[in-house]
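See structure below.
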Amino acid sequence: MFAQILTNSLIAGSVYAIMAISFSLVYSSTKFFNMAHGMIAVVGGYLVLTLTKLLGLGAIPSIILGIISTGLCGVIIHFIVFEPLKKRQSSSTTLLVASLGVMIIIQAIISILFTSQFKTLGANYNLGNIYTIASATFTEINLVTIISALSIFAFLIIIFKYTRFGKIVRALNDSEEVATIVGIDTKKTIRYLIFIGSAIAGVAGILTGYDTGLEPTMGMRLLLKGIVATIIGGTNSLGGALIGAYFLASVENFGIWKLSGEWKDAIALGLLIIFLVFRPRGIIRK
Amino acid sequence: MDKKIRVGIFAVAIMVILSGCAQTNIDQSKKENLKIGVVAPLTGEMATWGESVRGGAEIAVDEINSTGGVNGQKIDLIFEDNFACDKTASVNAINKLIKMNNSKINLMTCSGAVLATAPITEQAKTIMMVPGGSTAAIAEAGDYVFRTTISDDIQAKNLSKFIADSMKIKRIAIIYVNNDYGVGFFNNLSTEISTNGGQIVKSEKYSPEDTEFRTQLTNIKNTSPDALIIICYGKEGGTIAKQARELGIRVQLIGTDNFGTNEVATAGGQAVDGAIFSTEGIDMEQPRTKHLIDAYTQKYNHVPPVDYVVADTYDAIRLLADAISARGYNPDGIKDYLYGVKDYAGASGVITMNSNGDAFKPTQIRQIRNGKLVNYQN
C-alpha cells in the first residue's frame, strides 16, 4: 500500500513539478503572476492533438513540434500583451488582470475550435503498458512523466550553472536594472526564458493529455498546483519548485490515504497557508 | 438658428413616433410568442450536458413551430448559462427569466441548481421543469417543480436489486463525486444495497474537478471488493475506470446514468468495456427515440454527448407544449395538467407523473461494449 501511495505521489508530483518549474522560470523573469500560464500548457496539449489526430503526423514529431510551438505561443503573447504594459510601468495588478483576460480568451478560443468535450491524446482504446515494482503499479505514461520532470530539472540546472546564458539569467534574477547597465539585453533574455518556460508548460499539457485527457478548463487546475508548489518550495529556486511539487503531492496523497478524498484540495491549500504564515520564503530560501 | 431648431424638433418628433411604433411591435411579438426559459451548463465542465439540453429543446421547438406552434403561437426559447451548474449563476438566471423576461415556464438543469432555485419558482408560482437533475431531494422541492428525469432513489433501488439478484454480488466498493448528485445517490445506494443483503466494503469521495484518483482507488483495491460502483458527474467516470484498471482492479465496474455516456466511453476506452450502468428507459430501438437522435446528429453533425438528456429535454418541451395547448400559458393550469400525465409515450420512455411531479419511467441496465452503449447481455 505504502509503495503504491508513494508511487502515486511521484506521478502526481511530477506533473506539478513540471508546471512549477515552468511557472518559476516565467515568474522570476517577469516578476508578476501570469494567470494565463496554465492555459499555455493546455495550448500545448491541443496543438499535439491537432498535429496527431487532424494532420496525421507521428507522435514524436508532433510532440517536438508541439513543444516548440507552445514556447513560441508564450513568447508571442508576452510580446503582444505584457511587454507593452511593462514598458508603460504598469503595476503588478494591471499585469495580473491582463493575464486573466488572456487566460479567458485562450480558453474561449480552444472551446470554440475544439468544443468543450473531453479529448484524449494517443491510443484511445487500449490501456497501454503497465509496470509493477514492489507491489506498486504505474503505466508507461506515468514513467515518462516522472522521467520528464527529473530530466527537465537536470537540463535546466546544467544550463543555468555552466553556460553563458545561465550566467546572464542569474544576473537578471539578481537585478534587472543593473543587468541592463552592464550591457545585458534584458528584453531578449526574458523572451528566451518565456520561450523555455512556455515550452516546458506545454510538456505538462501534453503529458496530461496522454494520461488523463484534455479539456479547455484544465488550465487553472494545473496552474494552481504549480503555483502552490512554487510558493511552498521557494519562488526563486528551481530546486525549490521541484521539492515543493513532490512535497505537495505527497501530503495530498498520504492525506487521502488516511482521511477522505474530498480533502485533497483543502490539504493542498491549507499547506500553502501554513507555509505563507510560517515560512513564506519556502522550503528553500534564497 | 431658426432652421436648426426646427430640424431638431422634427428629428425628436420622428424619434418619438418611431419608438412608439417599435413599442407596439414588441407588444405584438410578446402576444405572439410563448416564452420558455432554459437554464443549462452551456459552457465549462458540464458543457456537454448543456449542449444536450440545448439540442433536445431546439429540436422540439423547431418541430412545434414548423407546424404552426401551440394554438397558433410560436415558442421562443431563452437560454441562460449556469456555468457548469453553478448555483449562484442559476439563481441569477432564474431571477432574470422570471422577473425580466416574464417567462412563466422555465427549464432548470443540474441537481444542485434545481434545489437552489426551486424556492424562487415556488414563490413566483412559475413552472420549473427539470430535464436533467436526478437527486431524490427534488421530489420535495416544490409544487411547481416537475421533472422528466428519473429520481435517483428509483435508480438506486432498481440497480441494487439487479446487483444482488442477477449479478449475485455482495461485497461492493463505491467511489463517488462530492456534490448534491453524488452524495444523494450514494446515500440512496447505501440504503438499498443493505436492504438487498449486500455490503459496502469501502467508499471513497472525490471533488468534481479532480482528474486523478489513484490513491482513492488504492484504498479501494486494498479491500478486495467484488464490484466497483462509480458515481460520476461527467467524463471523469471513464478516467476513474482507466486508473482502476491500471492499478490492477479487475472487478466488474458498475455506473449510474451519468456513467452511460459517449464521453465516459471515450475517456475509459478498453477500461470500461463490459461495464454496466443503470439508466433511464431510453431505448434506441424505439422509432421515436431513434428519430430524435438522428435529428440531433443531422442538425449538429455529431452524436449527442448525453443522449438521454436530449430525450428528457425533448419530452419536457413537448409535454409543456401539450399543457399550454390544453390550459393556455397559465402556470396553475399547466401544473394541474402535468400532474395528470399518464403513460405519455415520450422519446425518453413511457412517462407517468407521480404526485411529486416526478416522471415515473422504468429504468434499464445497459452496458458499454467496444466503446458503444448497448443493451445488457450476460
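Options B:Q243, B:E204, B:K235 differ in how many heavy-atom pairs under 4.5 Å they form with chain A, and the most are formed by B:K235. Taking B:T239, B:L247, B:V177 one by one and counting their heavy-atom pairs under 4.5 Å with chain A, the maximum is reached by B:L247. Among A:T132, A:T208, A:I11, the residue with the largest count of heavy-atom pairs under 4.5 Å with chain B is A:I11.
Here NZ of B:K205 is found 13.0 Å from CD1 of A:I256. Values are rounded to the nearest 0.5 Å. We find the OG1-CD distance between B:T215 and A:E252 to be 9.0 Å, quoted to the nearest 0.5 Å. Here the straight-line distance linking atom CZ of B:F213 with atom OG1 of A:T212 works out to 8.5 Å at 0.5 Å rounding. Note that the OG1 atom of A:T139 and the CZ atom of B:R214 stand 6.5 Å from one another [nearest 0.5 Å]. B:N219 contributes atom CG, which lies 5.5 Å from atom CD1 of A:I5 (distance to the nearest 0.5 angstrom). Atom-to-atom distance recorded for B:N222:CG and A:W257:CH2 is 9.0 Å, nearest 0.5 angstrom.
Looking only at distances, no side-chain donor or acceptor of A:R221 sits under 3.5 Å from a matching main-chain atom of B:D210. With B:K242 contributing its side chain and A:D211 its backbone, the two residues share a donor-acceptor pair below 3.5 Å.
Looking at B:E236, neither its backbone nor its side chain comes within 4.5 Å of chain A, counting heavy atoms on both sides. Of the atoms belonging to B:E212, heavy atoms from both backbone and side chain fall under 4.5 Å from chain A. Proximity to chain B (any heavy atom under 4.5 Å) is shown, for A:N253, by both the backbone and the side chain. Only the side chain of A:E215 has a heavy atom closer than 4.5 Å to any heavy atom of chain B. Interface residue B:T211: backbone and side-chain heavy atoms are both found under 4.5 Å from chain A. For B:T218, the parts sitting under 4.5 Å from any heavy atom of chain A are the backbone and the side chain alike. Within the 4.5 angstrom heavy-atom criterion, atoms from both the backbone and the side chain of B:N370 approach chain A.
Looking at A:T217 and B:E209, their side chains never come closer than 4.5 Å, going by heavy atoms from C-beta outward.
Heavy atoms from other residues, nucleotides or ligands lying under 6.0 Å from CD1 of A:I60 number 12 at most.
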